[in-house]
Enquirer: 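If you scroll down you'll find the structure; I have some questions about it.
Please read all numbers here as calculations on a predicted model, not as lab measurements.
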Amino acid sequence: MNTTARTNRANSRGWRAYAIGAAVVTALLASTACQSEAGGGSHKTGSTKRPGASKPKHKPDDDTPGVNGNGNNAAIAPCTGDNLAASSVREPAGSTEARQLLLTVQNVGDKKCDLYHYPHVRLGADAQGMVPVIENSSPDPGKPVTIAPMEEAHVALLVAGGGRDEYEAKSITLTLHGRELGSKGSDPINVPLPDGPLYADDGQLVTYWTTASGGALDFIMSK
């Protein structure tokens with residue numbers, strides 16, 4: 001074999017070795033890169049996850065009848081004889097006659113309650129019936145009067161105004177209205193009498209409930 005042939009064969013073996021070495025290096029670099037990326041991806045996923053974090057609990061819609069979101073009763077109950085204290089005074093104060101009275105009820109319970117329309121008032125056992133109402137005396141027709149604990153509501157009562165069929169009334173009772181006009185929402189409630197005798201006649205009148213005593217009295221003081 002001449003010198004040129006030997007040289008070419010040596011060069012061919014050198015290039016082949018170089019190519020194989022380069023391929024090995026490239027494969028190693030690629031493998032290292034894949035492992036690095038896999039490790040980096042795993043690290044990234046772990047950094048965004050909050051260990052121990054629970055899923056947010058679903059808050060159910062509040063569909064319990066009569067209860068609002070705070071757990072309190074949404075509707076205000078009607079007043080009853082058990083949570084009211086009643087009283088009566090002459091008007092004007094110090095009057096020698098008891099023709100006009102202011103009847104007051106106070107909420108002695110621990111919750112708000114509603115008074116509907118006007119009270120069914122009876123003056124004495126000899127009364128022919130309930131005291132008629134002054135129709136235009138409602139401060140807010142159709143709506144109840146709400147009183148909180150220790151608050152008061154009033155009606156004005158004209159005891160005598162007709163001058164006929166006079167009799168002495170020895171008792172006053174009031175029966176609360178129910179939600180429906182004409183209904184009854186309680187048993188009769190005894191109202192303490194003012195000092196002195198009480199003479200009633202056929203001119204009796206009563207107003208709707210209100211929290212403004214002066215507003216109620218305006219309807220009867222001129223009668």
Enquirer: Could you report the tightest heavy-atom contact between Leu176 and Gly81, atom names first, then the distance?
Expert: CD1-N, 4.4 Å
Enquirer: Please check if the side chain of His117 supplies one atom and the backbone of Gly182 the other of a donor-acceptor pair under 3.5 Å.
Expert: no
Enquirer: Show me the pairs that pass disulfide (SG to SG under 2.5 Å) and involve residues 104-199, at least two apart or across chains.
Expert: Cys79-Cys113
Enquirer: How far does CG of Asp202 sit from CZ of Arg164, to the nearest 0.5 angstrom?
Expert: 5.0 Å
Enquirer: Quick check on the hydrophobic clustering: are Val206 and Met221 connected, directly or via other members, by side-chain heavy-atom contacts under 4.5 Å?
Expert: no
Enquirer: OH/Tyr116 to OH/Tyr208 distance, rounded to the nearest 0.5 angstrom?
Expert: 14.5 Å
Enquirer: Could you pull out all residues at least two apart from Gln204 that satisfy side-chain hydrogen bond (donor to acceptor under 3.5 Å, both in side chains)?
Expert: Tyr167
Enquirer: Checking side-chain contact (heavy atoms from CB on, under 4.5 Å) between Leu157 and each of Leu123, Val191, Ile220, which is the one that passes?
Expert: Leu123
Enquirer: Does Ser186 have any side-chain hydrogen bond (donor to acceptor under 3.5 Å, both in side chains) partners at least two apart in sequence or in another chain, and if so, which?
Expert: none
Enquirer: Linking I/L/V/M/F/W/Y whenever any side-chain heavy atoms sit under 4.5 Å apart, do Met150 and Leu84 land together?
Expert: no
Enquirer: Measuring from Ile172:CD1 to Ser88:OG, what's the distance to the nearest 0.5 Å?
Expert: 4.5 Å
Enquirer: What about Val89 and Val105, same hydrophobic cluster or not, with Ile/Leu/Val/Met/Phe/Trp/Tyr joined at side-chain heavy-atom distances under 4.5 Å?
Expert: no
Enquirer: Give me each pair satisfying salt bridge (Lys or Arg N to Asp or Glu O under 4.0 Å) with a member in residues 168-193, each pair once, sequence neighbours excluded.
Expert: none
Enquirer: Sorted by first residue and then second, give each side-chain hydrogen bond (donor to acceptor under 3.5 Å, both in side chains) pair with at least one member in residues 124-153; sequence neighbours left out.
Expert: Asp114-Thr146
Enquirer: Before you tell me yes or no, could you show the steps for His154 and Thr104 under side chain to side chain donor-acceptor pair (under 3.5 Å), namely the whole-Å CA-CA distance, both residues' side-chain angles and the distance that decides it to 0.1 Å?
Expert: CA-CA 5 Å; His154 316 275; Thr104 299; 2.9 Å; yes
Enquirer: Does any N or O in the side chain of Thr207 come within less than 3.5 Å of the main-chain N or O of Ala216, such that one atom is a donor and the other an acceptor?
Expert: no
Enquirer: Shared ILVMFWY cluster between Leu193 and Val155, side chains joined below 4.5 angstrom?
Expert: yes
Enquirer: How would you list, by chain and number, every residue that makes a side-chain hydrogen bond (donor to acceptor under 3.5 Å, both in side chains) with Asp218, sequence neighbours excluded?
Expert: none
Enquirer: Would you say Arg122's side chain and Ala127's backbone share a donor-acceptor pair under 3.5 angstrom?
Expert: yes
Enquirer: Test your reading of the model: is there a side-chain donor-acceptor pair from His177 to the backbone of Tyr118, 3.5 Å cut-off?
Expert: yes
Enquirer: Could you give the distance from CG (Asn83) to CD (Gln106), rounded to the nearest 0.5 Å?
Expert: 11.0 Å
Enquirer: Hydrophobic clusters here meaning ILVMFWY residues chained together by side-chain heavy-atom distances under 4.5 Å, can you tell me if Leu102 and Ile189 are in one?
Expert: no
Enquirer: If you look at every heavy atom in Ala153 and Ile147, which pair is closest and at what distance?
Expert: CB-CG2, 4.0 Å
Enquirer: Atom CG in Leu101, atom OG in Ser87: separation rounded to 0.5 Å?
Expert: 10.5 Å
Enquirer: Please assess Thr173 against Val121 for the test side-chain contact (heavy atoms from CB on, under 4.5 Å), listing each intermediate value before the final yes or no.
Expert: CA-CA 6 Å; Thr173 62; Val121 177; over 6 Å; no
Enquirer: Give, for atom CG of Leu174 and atom CG of Asn190, the distance between the pair rounded to the nearest 0.5 Å.
Expert: 9.0 Å
Enquirer: Might you point out which heavy atoms bring Gly124 and Ala169 nearest each other, and give the distance in Å?
Expert: N-CB, 4.1 Å
Enquirer: I need the minimum non-hydrogen distance between Pro192 and Ala86, along with the two atoms involved.
Expert: CD-O, 3.3 Å
Enquirer: For Ala85 and Val108, work out which heavy atoms get closest and say how close.
Expert: CB-CG1, 3.9 Å
